[in-house]
Protein chains: 2
Amino acid sequence: MGDSEQLLIYLAEKGALKKEIELSTIKISKEFKSSQQTVSRKLVELEKNGMIHRIPSTRGIKIQISDKGIEKLRNIHVKLNNLFTAKASAIKGKVESGLGEGSYYVSLGKYYEQFKDKLGIVPFKGTLNVKVDYIDFINLISNQNKITINGFKTENRTFGDIVSYKVKVNGVPSAVVIPKRTSHDRDVIEIISGTNFRRKFHLKDGDEVEISL
Amino acid sequence: MGDSEQLLIYLAEKGALKKEIELSTIKISKEFKSSQQTVSRKLVELEKNGMIHRIPSTRGIKIQISDKGIEKLRNIHVKLNNLFTAKASAIKGKVESGLGEGSYYVSLGKYYEQFKDKLGIVPFKGTLNVKVDYIDFINLISNQNKITINGFKTENRTFGDIVSYKVKVNGVPSAVVIPKRTSHDRDVIEIISGTNFRRKFHLKDGDEVEISL
DNA sequence: ATTACTAGAACACGAGTAA
DNA sequence: TTTACTCGTGTTCTAGTAA
């Protein structure tokens, strides 16, 4: 047991997963936060536990991680994989104040019609601003269908395309709308829906909502 | 330090990554190979190191892994990912004009020092703006180590944290810097580097560069 | 039930050093 | 130069037990 895994990962990073590498306990001890003696002892331990093959000499140590050691690392990898990659079908976010630009867009007929047709949403007037971890958010929707709401021009202004994705917010079918140019934080997303979230869920700023697929 | 990571992974598997879980030191000690007392002490330690939030009572303990703890686990995950999944991924982008906000940030001492220390980059004054497919970009870096450049305050202004990732641009070690608040298009990323790209590669606006890991 | 303190025992650390 | 042993010291363990 113990923290020998740390050392094993270190050795793996040094290339000992696939081939024999040659280094010294002094070098390791310098990159690790322990003495030459401790490194030496831990390597002996790792060998005793069958995690590595070890050929010491007066000119250094040749090390290769054994099948059992590889298995050990792969075990940890799988565990963490399950935790971090597999099932990110929902993320959490916090309600933020501000009407959001989307609030304005929603009211524009040309957009409004497309929200109904393409997203199946008769938008409540106003958007819900939610702060999320942007990378988690992108990972969540990166495999989803991107639905483009076409822009249009008036005499005075050009309204650009809006990228949108269908999501559920606290289980309620909604859509994230992403105008191309934005002026608020990257990690604040705008949600449109037929539901008035603030009323239905009694949301105040800072309250948590769940965004799922 | 030590082997607290083992316990952290255990807690994550029990669901403490996303929500608060309720269990007891006795239960943990049975699944772990140590005593109730040791588990109790290690949990206190984990809390002291900021890895978990912990609410003890006479009816058990409520535990949730903190952001710092998640970061720790993700770090290990990234390391193992790099070892076990071979990926030679790269995306392409187009150079855009504009000095970018990063150009300004780079010159600020508090950021500058961190670029050197945390990213190993002595930044050339000015950033390279590159237009990419944002989703491809996120997928590229989503398994990379997130490096946070801490914000700071002056009398007049608050400068927020900057999230950054090490990348290579046309093979040159660089970093993507993502200020929290931005005013340009989402799919334009800013690159800092010790190299003056425009000069070295004779880049004009619209020229293609390769971003790799 | 719990958590977690105290205290003595077991263990790990690293300076010195042999080989 | 190495690795790794001995051994004094410090750290971490768990049984007992208070709260």
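A donor-acceptor pair is defined here as one N or O able to donate and one able to accept, closer than 3.5 Å; no such pair exists between the side chain of B:T25 and the backbone of B:V39. Listed for the A:T127 side chain is no donor-acceptor partner under 3.5 Å among the backbone atoms of A:I191.
A ring-centre distance under 6.0 Å is not found for B:F197 and B:F124.
For residues 16-29 of chain A, the set of pairs meeting the salt bridge (Lys or Arg N to Asp or Glu O under 4.0 Å) definition, not counting sequence neighbours, is empty.
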Could you pull out all donor-acceptor pairs under 3.5 Å where a side-chain atom in residues 155-173 of chain B meets a protein atom, sequence neighbours excluded?
unit_1	atom_1	unit_2	atom_2	d
B:D161	OD1	B:G151	N	2.7
B:S164	OG	B:I147	O	3.0
B:N170	OD1	B:E210	N	2.9

Side-chain donor-acceptor pairs of residues 52-60 of chain B under 3.5 Å, sequence neighbours excluded:
unit_1	atom_1	unit_2	atom_2	d
B:R54	NH1	B:E47	OE1	2.6
B:S57	OG	B:R59	N	3.0
B:S57	OG	B:G60	O	3.3

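Per the geometry, CG belonging to A:L43 stands 16 Å off C1' belonging to D:dC5, to the nearest Å. Between the CD1 atom of B:I63 and the P atom of C:dT2 there is a distance of 14 Å, given to the nearest Å. Taking atom CZ of residue B:F32 and atom C1' of nucleotide D:dT12, one finds them 15 Å apart after rounding to whole Å. Residue B:I28 contributes atom CD1, which lies 13 Å from atom C1' of C:dT2 at whole-angstrom precision. In this entry the distance linking CD1 of B:I61 with C1' of C:dT2 reads 9 Å, nearest Å. Between the P atom of D:dA4 and the CZ atom of A:R59 lies a distance of 14 Å, rounded to the nearest Å. Put simply, NZ on B:K62 is 15 Å from C1' on C:dT3, counting in whole angstrom units. In this structure, CG of B:L7 is placed 15 Å from P of D:dT12, rounded to the nearest angstrom.
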Expected string for nucleotides 12-19 of chain C under the B/S/- scheme (protein heavy atoms, under 4.0 Å, primed atoms plus P, OP1, OP2 as sugar-phosphate) is SBBBB---
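Annotation: salt bridge (charged side-chain N to carboxylate O under 4.0 Å, His left out) contacts of B:K42 (sequence neighbours excluded): B:D3.
The phosphate of C:dT3 (OP1 or OP2) has a side-chain N or O of B:T25 nearer than 4.0 angstrom.
Within 4.0 Å of B:I26, counting heavy atoms only, lie sugar-phosphate atoms of the nucleic acid but no base atom. Using a 4.0 Å heavy-atom cutoff across all strands shown, B:S24 reaches sugar-phosphate atoms only and no base atom.
Each end of the helix from C:dT2-D:dA19 to C:dA19-D:dT2 gets its own axis, taken as the rotation carrying the C1' atoms of four end pairs onto the next four within a five-pair window, and the two axes meet at 40° to the nearest 10 degrees.
B:I21 and B:L11 get closest at one heavy-atom pair: CD1-O, 4.1 Å. When every heavy atom of A:D205 is checked against every heavy atom of A:S97, the shortest pair comes out as OD2-CB, 2.7 Å.
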